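Contents: one structure, followed by commentary.
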Amino acid sequence: MTSLFSSSSSNYPANHASVPQHHRRASLINSSGREKARLSPLPSYIDLVEQKQALVARNHGWTTTVFVPSPFPLSTLLSYPFRRRSPSRGSPRRGSVQLSASPPPPPRRRYRVTLPIPPRIWNFCANLLRLSFFRRRRTSTLVLLALLGIIWLIFTLSRRLDITNVETQWYGDPPTLVYSRDDLRKIWLWEIASGHYPSGRKIPDQIGVPPRYPNPGLPSTPAPFHPFLPDAHPGIGNLREYPEVRGTIPDVAYPPRPPPGSVADLDVVMQHCDFSSHKYVRDCLEVLRLGAGIDNNKRVRRGRLDEWRYIYTEHPDNGTTSPATQNTSGDRMRSETMKGKAALMKRQEEESLGTGAVDHDASLSYQQALGSSSESDFTFAKHGLLEPHLSLPPPITVRRPPVFDPKDASAVPDPCDPDHPRIYHMFWAGPFTDKPYLALLSFLFTQNLGLNMPAEEATDYFRSRGVCRPEFWLWVNPSAAAAVPGVMAEQDMYEGLRANPWSSPFLHERFKDVIKFKLWNTTEQLDGIPELKDEWRNSVDTLFNSGGVKYSHPKAAAPAAKNTTVVNGTTTAEEAERKTGAADDDLFNRVGSDSVSSYDRLSVVLSDMARFVLCHRFGGTYLDADTILLRDWEELWGWKGAFAYRWSRLEKYNTAVLRMNKGSALGTFLFRTALRNGLDFHPMTVSRYTKEAHLEGLLLRLPDALFDPAWLNTENYQRDRPPFPYFTEFRDFFDNPAQSSGAPQALGFDGFFKGAYSYHFHNFWWIPFDPSRNWPDLGPRFIDGERNARIKAQSAVKATQGKSSSSGGAKPTPPPSPSGAVPTKEAEGPASKEELVTDDVRDLPWATVLKRTFESYLRGERPNMYGEWILW
């Protein structure tokens, strides 16, 4: 057997020198051919020694054992028995043995070394180094590999070690936390006492909330089939009942509305939809459909749906719960609730306010925070002192469910809770287009607005049945993101909305109670935030900050004109509109996104901040303008906590849908933290704020299946069982692949991600929803705006054809007057001619089908998704 200490050269015969030279040369050539490396996962060996080492090593799954030769040969330790010493000079002595060639080199001792490298990677690299290209450059290759190994080692160690003395951030994101542990605990207690945590999920141990701290957002006794989570705090709130939401036979053609005042149990939703627990979007949408009765006309599931019921109604706990739903812990908690609820609520208020617990006038420095044992689980920002201790208002009183009398609307309370208003916010910059137009149409098509009854009867009807009607506030920034509106800006905004065919229908008297246009003013909005109003002007140079990328707008080259306002050198809308030439399309004067190359980046950055400002100041839910509502949100409004949704596969926030409570402690934390970190409200940065502070539970990260069901498929996830429709990229919404282009027309709105609350199509502002009919088609009631839009669309087509013609181009048709005047009869002719169905495109994409479905509802040609006909 070959010795472990034998070298690779020992494979040559003992009389190697006696072999003829041409035979040796042929042998070496054949040997090099045999040693040619193979890029194979199977190991290959040069000689028996290497094979023996590989067999002895017994490599584990994550380690590789190698044998490294010693730098000292064995001849320095032991005398070599076959070596004869010859005289240095002169003839050899008599009797001496003269060898024809020098003997092979002496063997070297080999040491066993275990490396943290998987065997497959080691074998692949070893085979790769045997290639002739790397063999000629072996030294440089080894140096490069060693350098990469050193970099990887430094990176790994630096991620695990907390080097507090190093002030420079070499990698990753710097810490952002500016509040002490006592203040973070105070935020948690305030939100819990206000009923903003109706969840049984575990509160982080780092916060230090007492384990028996009562939660008014949870019931004292769990409902059947929905037990408390193991880490849930004791509840002192209303009892929950999970009804079966399903229409009665024969009324099964359309789904029923959710029960008035109902609440979505998002703990149950997370159980069936969370991507982190390997739940499929397809299965999640089925639970959302069946649990809400949206599949009312299918009836293909025959079993009981108890575990899929996620919508509940609340009832006061008067101690009259039936014995079948009681248990020992529930009885004990009910006793505590009925006897000492006042004491518990008083203790909640004292603990949430931190009465006597901390010094409200002291500021804790970074070094002091690190030295405190209670702060050891937190990593604080390294710029300046921590924030002064929070001084919060008293918690919001948890509202008990009122009792409504359908016969007497005046004797019942207002079903709308002023502390939790039902307002959809949306921010839009530039001229009104088909994108916010479709968002407003989806709002009218899906929400419970009372459009199926006379306007004078809707208010009393909703009040008597406990229905709170939501509103849609569209915030319009008519100029560039860095401009400040002038004195006449609001009047100019309404004139532009009336003249625009996409926006003028929503100014109709029928929608005055549910759709409201509001002028966005950055200065006014920031001054309306108590946490920012005294300090945000000190950060005006970094007002546009997105993920650490700061856009500092240029200084003014000349004094401002009369009747204009300047913020850091940026003029008002009136001054910006007077600019001409190439400067109109620079980053700070751009209004709206006409293409990928002219993307209005600053308006997007401004909207990142605007959504938090609007929700904290007014309450409600913010929606991105590229969002389409797909169902009634009644039960989501009933859930009193804050939420956003997941950034696809990443455990980060996407704030395209954002719910926050008005004047909440969580909002105070976010604004003060953002102010200390450059007013950065990018979703990735907000994810860092909440994660470092252990506040992610207060801003629930819902699965993207609820609001963005195609996202995972577009990133090559869950394609083995995708939802319907199946999008491999977001552009499929506007341009279906030919193989699936028949589905939109055959299935219509009913087949588009049924069960999801909304759909987010991710920008594409420059692609029309309906290219062949790119105008609002709402019937005779709004025919004037349709005519103007048709003429404009035809003018754009003619201009495009003229530019592309080889004859120099046809003369483009002038665009319509911005005043919105009715066109002349010569212009009316082509636009008002009778249309034929054969003139339309053959395959309609999903975007076109949804637009035409919503428009047919407003024309009175079909009911909405709940079977209700609009009454003008």
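Remember, it's a predicted structure, so these values are computed and weren't measured experimentally. Values reported hereafter were calculated over all heavy atoms of this structure, with side chains retained and with hydrogens, waters and symmetry mates removed.
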Could you point out which residue of Tyr757, Phe707, Phe275 forms a ring-ring contact (aromatic ring centres under 6.0 Å, His included) with Tyr645?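 Considering Tyr757, Phe707, Phe275, a ring-ring contact (aromatic ring centres under 6.0 Å, His included) with Tyr645 is found only for Phe707.
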Under 3.5 Å side-chain donor-acceptor pair for [X] and [Y]:
X      : Y      : result
Asp708 : His762 : yes
Ser772 : Asp770 : yes
Tyr866 : Asn448 : no

Start with the C-alpha gap between Ile628 and Phe854, add the side-chain angles, then the distance that decides, and say whether side chain to side chain contact (heavy atoms under 4.5 Å, CB included) holds. CA-CA 11 Å; Ile628 301 172; Phe854 299 154; 4.0 Å; yes
Counting neighbours of [atom1] on [X] that are heavy atoms of other residues, nucleotides or ligands and sit closer than 6.0 Å, is the number greater than 12?
X      : atom1 : answer
Leu836 : CG    : yes
Arg510 : CZ    : yes
Arg301 : CZ    : no
Arg721 : CZ    : yes

Tell me, please, whether [Y] has [X] positioned over its six-membered ring: NZ or CZ under 6.0 Å from the ring centre and within 45 degrees of its axis?
X      : Y      : answer
Arg611 : Phe427 : no
Lys518 : Trp473 : yes
Arg469 : Phe462 : no

For [X] against [Y], the heavy-atom pair lying closest together:
X      : Y      : value
Leu444 : Tyr857 : O-CE2, 3.6 Å
Ile767 : Arg731 : CD1-NH1, 3.1 Å
Ala292 : Arg631 : CB-NH2, 3.2 Å
Pro776 : Pro501 : CG-O, 3.4 Å
Ala439 : Ala625 : CB-O, 4.5 Å
Ala705 : Cys284 : CB-SG, 3.8 Å

Is Pro725 close to Phe752 at the side-chain level, that is, under 4.5 Å between some pair of heavy atoms?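 Contact flag for Phe752/Pro725 side chains = yes.
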Any ion pair linking [Y] and [X] (charged N to carboxylate O, less than 4.0 Å)?
X      : Y      : result
Lys754 : Asp750 : yes
Lys512 : Glu509 : yes
Glu286 : Arg282 : no
Lys851 : Asp777 : no

So how far is it from [X] [atom1] to [Y] [atom2], rounded to the nearest 0.5 Å?
X      : Y      : atom1 : atom2 : result
Phe432 : Leu497 : CZ    : CG    : 7.0 Å
Asn736 : Asp843 : CG    : CG    : 8.5 Å
Glu729 : Asp735 : CD    : CG    : 9.0 Å
Glu855 : Leu850 : CD    : CG    : 11.0 Å
Leu519 : Asn477 : CG    : CG    : 7.5 Å
Ser276 : Arg701 : OG    : CZ    : 8.0 Å

Mark yes or no for whether [X], through its side chain, and [Y], through its backbone, hold a donor-acceptor pair below 3.5 Å.
X      : Y      : result
Arg659 : Thr621 : no
Arg773 : Arg852 : no
Asp626 : Asn763 : yes
Glu715 : Ser648 : no
Ser758 : Leu630 : no
Asn713 : Tyr717 : yes
Arg646 : Leu650 : yes

Is the ring centre of [X] less than 6.0 Å from the ring centre of [Y]?
X      : Y      : answer
Trp637 : Tyr424 : yes
Phe761 : Phe727 : no
Tyr759 : Phe733 : yes
Phe472 : Phe506 : no
Phe734 : Phe764 : yes
Tyr310 : His272 : no
Trp711 : Trp647 : yes

List the atom pairs, with distances to 0.1 Å, where a side-chain N or O of residues 252-259 and a protein N or O form a donor-acceptor pair under 3.5 Å, not counting sequence neighbours.
residue: Arg257; atom: NE; partner: Glu868; partner atom: OE2; Å: 3.2
residue: Arg257; atom: NH1; partner: Thr446; partner atom: O; Å: 2.7
residue: Arg257; atom: NH1; partner: Asp632; partner atom: OD2; Å: 3.0
residue: Arg257; atom: NH2; partner: Gln447; partner atom: O; Å: 3.3
residue: Arg257; atom: NH2; partner: Glu868; partner atom: OE1; Å: 2.8

Check the pair Asn864 / Phe445 against side chain to side chain contact (heavy atoms under 4.5 Å, CB included), numbers first and verdict last. CA-CA 5 Å; Asn864 61 13; Phe445 187 80; 4.0 Å; yes
Phe753 and Val281: CA distance, side-chain angles, deciding distance, side chain to side chain contact (heavy atoms under 4.5 Å, CB included) verdict: CA-CA 10 Å; Phe753 294 114; Val281 174; 6.0 Å; no
Under the side chain to side chain contact (heavy atoms under 4.5 Å, CB included) criterion, do Phe443 and Leu449 qualify, and how do the steps go? CA-CA 9 Å; Phe443 168 73; Leu449 307 176; 3.6 Å; yes
